[in-house]
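Report on the following structure.
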Amino acid sequence: MNAKIEQFFARENPPTPCLVVDLDQVAGNYAQMKTMATWADIFYAVKANPAPQLIGCLAAAGSSFDAASPAEIEACLAAGVDPTRISFGNTVKKAKDIMWAAARGIELFAVDSEGEVDKLAANAPGARVFCRIAVANDGARWPLSRKFGCGPDEAIPLLERAKHAGLRPAGLSFHVGSQQTEAQRWCEGVNWCAALFDRARRAGIELDLVNIGGGFPVHYGDEQIPGMASMLETIGRAMLEMFGDAQPRVLMEPGRAIVGSAGVIRSEVVLVADRTYGLAQRWVYLDVGRYGGLAETEGEAIRYRLEVAGRKGPMKPSVVAGPTCDSHDVLYENILYDLPADIAPGDIVTLSDTGAYTTTYASVGFNGFAPLEEYYI
Ligand SMILES: *Cc1c(COP(=O)(O)O)cnc(C)c1O
């Protein structure tokens with residue numbers, strides 16, 4: 001936890017559970033990525049955290065935005081973002097939402113199927129489209145494969161269809177899955193894009209946009225991950241090698257890497273119980289859980305760092321669970337967490353690197369627990 005967030009907690013003592021995000025750190029993360037990848041334009045993936053304060057902060061820093069719905073587009077427009085700096089990157093859109101977005105001045109749309117090409121042609125004539133191809137997601141802690149992306153062989157026929165229907169084929173995109181720790185996955189995507197640019201040219205289509213998606217990892221502390229600088233350098237080198245002198249415009253859509261490390265969730269221990277039924281294990285129940293915003297603990301995919309304030313001394317392996325009456329509301333039970341042996345109800349537990357994919361995943365009030373409170377400082 002950085003000093004600014006620590007001071008906020010000390011000064012305000014906000015009720016738990018809550019998320020605090022340090023906007024200076026968000027701006028710092030953005031600036032750092034921008035410096036490390038001068039060859040790309042950053043389109044922040046709004047779904048990671050759509051808070052207006054955050055969008056305002058990134059807009060001021062010069063970011064563009066990748067939105068998936070009218071509400072996300074509206075949030076960017078409300079922050080004063082020019083519509084030409086917003087892409088409608090969801091490949092599954094309602095016709096009326098496409099029409100609405102086009103009317104608001106959105107120019108860039110994603111497709112990965114014939115049905116979506118036809119919908120765009122009918123509702124946003126003349127729009128620029130990029131085709132999302134499916135690439136390997138191995139190495140990602142939160143994969144996004146299967147649901148999105150066409151096979152590479154389908155991409156050029158789709159873009160031809162788009163052209164014939166009056167759309168403007170702009171380029172290609174791919175997404176290597178979230179919390180991806182292997183730069184090689186992006187390089188494979190870049191290789192595909194270069195090969196498909198050639199095929200497009202032979203089909204009479206000039207592409208000029210490569211969208212390398214998001215997926216850049218946050219250091220949660222439970223595993224070694226490569227540094228951001230070296231990953232981006234590797235990807236930049238792949239662009240140079242594969243496209244040579246004919247460098248296209250490159251977009252990237254980081255979400256997690258921009259905001260994850262800037263947030264801390266403050267939670268309170270509700271109960272500590274030594275269970276003897278089945279496995280003899282100690283259970284620690286927090287006031288935040290799967291339905292309070294920690295959706296990415298599903299399958300223990302994301303293992304947040306937990307710290308208990310004011311306790312030192314011996315540790316004890318513990319199951320960590322949330323407060324609701326749902327048996328899926330268990331955060332960690334396959335790999336136990338070492339928590340202080342004397343942890344007790346009322347203790348403050350902080351969860352680090354929780355700025356992304358938390359607040360909007362919180363249920364509206366399952367079991368009467370309110371959505372996660374959020375502070376942007
Ligand atoms: C979710 C998503 C992102 C952001 O992914 P991160 O892992 O948060 O960087 C970017 N692009 C698309 C299309 C997405 O669906």
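In each ligand, atom 1 is the first atom listed, and ligand 1 is the first ligand listed. Numbers here simply count residues along the sequence, with the first being 1.
Between Trp186 and Phe216, a ring centre-to-centre spacing shorter than 6.0 Å is recorded.
Between Gly255 and ligand 1, at least one pair of N/O atoms sits closer than 3.5 Å. In terms of N/O distances under 3.5 Å, ligand 1 is approached by Lys47.
Of all protein heavy atoms, the one lying nearest to atom 7 (O) of ligand 1 is Ser178 OG, 2.3 Å.
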- Message: Using the rule given for salt bridge (charged side-chain N to carboxylate O under 4.0 Å, His left out), can you reason through Lys47 versus Asp66, listing the C-alpha separation, both sets of side-chain angles and the distance that settles it, and then say yes or no?
- Response: CA-CA 8 Å; Lys47 80 170 187 283; Asp66 176 53; over 6 Å; no
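There is a path of hydrophobic side-chain contacts, each under 4.5 Å, that joins Leu19 to Leu286.
Residue Tyr357 places a heavy atom less than 4.0 Å from ligand 1. In this structure, Pro254 counts as a contact residue of ligand 1, since one of its heavy atoms falls inside 4.0 Å of the ligand. Judged by the shortest distance from any of its heavy atoms, Gly215 lies inside the 4.0 Å radius around the atoms of ligand 1.
One N or O on the side chain of Arg303 and one on the backbone of Ile335 form a donor-acceptor pair closer than 3.5 Å.
Contact annotation for Gln180 and ligand 1: no heavy atom of the residue comes within less than 4.0 Å of the ligand. Counting heavy atoms under 4.0 Å from ligand 1, residue His175 touches it through the side chain alone.
Here the shortest heavy-atom distance to atom 10 (C) of ligand 1, taken over Arg256, Glu253, Gln179, Lys147, belongs to Glu253.
By the 4.0 Å N-to-carboxylate-O rule, Arg104 lies close enough to Glu74 to be salt-bridged with it.
Against a heavy-atom cut-off of under 4.0 Å, Ala45 is close to the following atoms of ligand 1: 3 (C), 4 (C), 10 (C). Taking every heavy atom of Arg132 and a limit of under 4.0 angstrom, the matching atoms of ligand 1 come to 13 (C).
The nearest pair of heavy atoms linking Trp39 to Leu232 is CZ2-O, 3.2 Å.
Relative orientation of the Phe109 and Phe88 rings is tilted, given thresholds of 30° and 60° on the angle between their planes.
At a cut-off of 3.5 Å, with distance as the only test, a side-chain donor of Arg282 or Ser318 sits close to an acceptor on the other residue.
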